[in-house]
Amino acid sequence: MYIEQGYKGDIGLWKYLIIPGCFIGFMILNYIAILLSPVSVEDSMAQMINSFGSNLVLIIILAPLAVGLLVVLGWTKLVHSQSITSLTTSRKRISWKRIFFSFVLWGVLTVLMTLIAVYLSPEDYVFNFKLVPFLTLAVIGILLVPLQTSFEEYLFRAHMMQGLGIAVKNRWVPLIVTSVFFGLMHLGNPEVEKLGYGIMVYYIGTGFFLGIITLMDEGLELALGFHAANNLIGALLMTADWTAFQTNSIYRDISDPVLGWDILVPVFITFPILLLIFSKKYGWTDWKEKLTGKVLSKEEFLLTQE
């Protein structure tokens with residue numbers, strides 16, 4: 001009963017609107033500014049990196065989102081009077097084993113898939129490793145990337161999902177809405193400018209994957225681990241001149257980016273395989289009810305706690 005954990009706070013549906021509303025409003029203004037700007041996102045990023053260096057630019061990108069995590073958690077404690085544990089999971093305690101399992105699983109797969117890509121198409125990549133810049137990147141990434149990814153998870157899969165679920169009394173509406181908004185959040189990324197709006201299939205598909213594992217597992221832990229591994233390992237392993245994270249990574253992708261069928265592989269092949277692995281490990285059942293079923297009223301939920 002993950003969504004129902006929101007009843008453990010001081011319920012007021014307006015309280016669920018403030019932070020998402022401000023964040024989404026900021027994203028809209030940012031996207032409008034990008035559309036009206038005479039300078040492309042790629043050129044703008046290149047100018048910033050030339051001026052400040054890629055590591056400092058990474059800090060500039062990540063720091064506001066790390067602060068955003070503190071805002072969401074602080075709002076939960078001070079305004080909702082809800083524990084961070086109940087915002088995170090339906091279990092009595094946050095399952096760090098789940099977070100680490102998801103992180104390691106996706107981290108290992110990411111490394112393997114990257115090495116296979118480099119082996120199969122060596123002309124598309126250059127070895128970019130420089131010890132000191134890489135170590136600096138690693139420190140920045142380890143400190144800030146998990147905060148950035150946790151902010152997005154706590155905002156979409158926790159704060160918004162619990163609030164929407166309690167408001168509409170079902171699970172499918174929050175799953176769809178949070179997944180779509182998660183994807184739309186990436187509209188301002190340079191990847192969208194470079195590859196076109198077709199890349200949104202990947203971003204929205206990832207949102208659905210993260211929402212599904214949150215609802216099926218009745219907790220945020222697997223999504224937290226996956227998202228942290230996806231961004232951190234990705235930032236350390238591979239960079240390109242047209243991605244959101246342009247880092248002192250081990251490899252640099254120098255190929256001419258093209259939106260092709262391969263964008264469908266993660267959404268329709270890799271993510272379903274991960275769902276199968278998670279479902280087998282954690283014994284998931286009753287998929288229809290957990291993904292589309294009703295959310296209990298506060299009175300019904302309190303009866304289950306007696």
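Heavy-atom basis, side chains included; hydrogens, waters and symmetry copies ignored. As the structure is a prediction and not an experimental result, all values here were calculated from the model. When a residue number appears, it is its place in the shown sequence, counting from 1.
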Ignoring hydrogens and geometry beyond distance, is a side-chain donor-acceptor pair present between Thr88 and Tyr154 at under 3.5 Å? yes
Gln82 and side chain to side chain donor-acceptor pair (under 3.5 Å): which partner among Gln5, Gln162, Lys77, Lys8? Gln162
Do Glu221 and Thr89 get their side chains close enough for a donor-acceptor pair, meaning under 3.5 Å? yes
Side-chain donor or acceptor of Glu193 paired with backbone N/O of Val41 under 3.5 Å: yes
Looking at every non-hydrogen atom in both residues, tell me the closest pair between Met160 and Pro20 and how far apart they are. CG-CG, 3.6 Å
Let me confirm one number: the CG-CG distance from Asp253 to Asn128, rounded to the nearest 0.5 Å. 11.0 Å
Can you find a heavy atom in the side chain of Leu147 that is under 4.5 Å from one in the side chain of Leu62? no
Could you go through the side chain to side chain contact (heavy atoms under 4.5 Å, CB included) check for Phe156 and Leu210 one step at a time? CA-CA 10 Å; Phe156 290 100; Leu210 293 167; over 6 Å; no
Gap separating the CG atom of Leu73 from the OG atom of Ser83, nearest 0.5 angstrom: 11.0 Å
Would you call the rings of His227 and Phe182 parallel, tilted or perpendicular if under 30° counts as parallel and over 60° as perpendicular? perpendicular
Cluster check Met113, Phe268: I/L/V/M/F/W/Y, side chain < 4.5 angstrom: yes
Trace of the side chain to side chain contact (heavy atoms under 4.5 Å, CB included) decision for Met238 with Val118: CA-CA 10 Å; Met238 187 70 67; Val118 172; 4.2 Å; yes
If I compare all heavy atoms of Ile199 with all of Val192, which pair ends up nearest, and what's the gap? CG2-CG2, 3.6 Å
Okay, side chain of Thr247, backbone of Ala235: is any donor-acceptor separation there less than 3.5 Å? yes
I want to check something: taking the side chain as every heavy atom from C-beta on, are Leu220 and Tyr2 in contact at a cut-off of under 4.5 Å? yes
For the residue pair Ala229 and Gly107, what are the closest heavy atoms and their distance? CB-N, 3.9 Å
Tell me the closest heavy-atom pair linking Arg98 and Asp217, and the distance in Å. NE-OD2, 2.7 Å
Are the side chain of Asn50 and the backbone N or O of Ala46 linked by a donor-acceptor pair below 3.5 Å? yes
Centroid-centroid distance, Phe151 to Phe23, less than 6.0 Å: yes
Which atoms form the tightest heavy-atom contact between Pro272 and Pro266, and what is the distance? CD-O, 4.2 Å
Any idea how Trp284 and Trp287 line up, ring-wise: parallel (<30°), tilted (30 to 60°), or perpendicular (>60°)? perpendicular
Ignoring hydrogens and geometry, is there a side-chain-to-backbone donor-acceptor pair from Asp262 to Val265 under 3.5 Å? no
When rounded to the nearest 0.5 angstrom, what is the spacing between OG in Ser150 and CG in Leu70? 10.5 Å
Is there a path from Ile213 to Leu276 through hydrophobic residues (I, L, V, M, F, W, Y) whose side chains come within less than 4.5 Å of each other? no
Any donor-acceptor pair under 3.5 Å from Lys194 side chain to Asp241 backbone: no
Testing the basics here: between Tyr282 and Leu222, what is the closest heavy-atom pair and its distance to 0.1 Å? CE1-CD2, 3.8 Å
Separation between OG1 (Thr149) and CG (Leu65), nearest 0.5 Å, reads 10.0 Å
Validation row: Phe301, Gln305 side chains within 4.5 angstrom (heavy atoms): yes
Going through the distances and angles, do Tyr197 and Leu187 end up as a side chain to side chain contact (heavy atoms under 4.5 Å, CB included)? CA-CA 8 Å; Tyr197 292 111; Leu187 272 174; 3.7 Å; yes
Does any N or O in the side chain of Tyr7 come within less than 3.5 Å of the main-chain N or O of Leu296, such that one atom is a donor and the other an acceptor? yes
For the CH2 atom of Trp75 and the NE2 atom of His159, what is their distance to the nearest 0.5 Å? 7.5 Å
Does the plane of the ring in Phe127 sit parallel, tilted or perpendicular to the ring in Tyr251? Use 30° and 60° as the thresholds. perpendicular
I'd like to know if the side chain of Thr76 and the backbone of Val72 have a donor-acceptor N/O pair within less than 3.5 Å. yes
Are the side chains of Leu137 and Leu236 in contact, using a 4.5 Å heavy-atom criterion? yes
Same apolar cluster (I L V M F W Y, side chains within < 4.5 Å links), Leu13/Leu78: no
Pairwise distance CZ(Phe278) to CE(Met216) - rounded to 0.5 angstrom: 12.5 Å
Any chain of hydrophobic side-chain contacts (each under 4.5 Å) joining Leu274 to Phe100? yes
Counting C-beta onward and ignoring hydrogens, is there a side-chain heavy-atom pair between Tyr202 and Glu191 closer than 4.5 Å? no
When you measure from the side chain of Thr239 to the backbone of Ser249, do you find a donor-acceptor pair of N or O atoms at a distance under 3.5 Å? no
Side-chain heavy atoms of Ile24 within contact of Leu184, under 4.5 Å: no
Heavy-atom side-chain proximity of Phe208 to Leu175 below 4.5 angstrom: yes
Count the heavy atoms belonging to other residues, nucleotides or ligands that lie under 6.0 Å from CZ of Phe129, then report whether that count exceeds 12. yes
Are Trp14 and Val168 in one and the same hydrophobic cluster, where Ile, Leu, Val, Met, Phe, Trp and Tyr link if side-chain heavy atoms are under 4.5 Å apart? yes
What do you reckon, are the aromatic ring centroids of Phe209 and Phe226 less than 6.0 Å apart? yes
Apply side chain to side chain contact (heavy atoms under 4.5 Å, CB included) to residues Glu300 and Glu4 and explain how you reach the verdict. CA-CA 10 Å; Glu300 291 171 328; Glu4 287 89 344; over 6 Å; no
Do Leu215 and Ile3 come close enough that some side-chain heavy atom pair is under 4.5 Å? yes
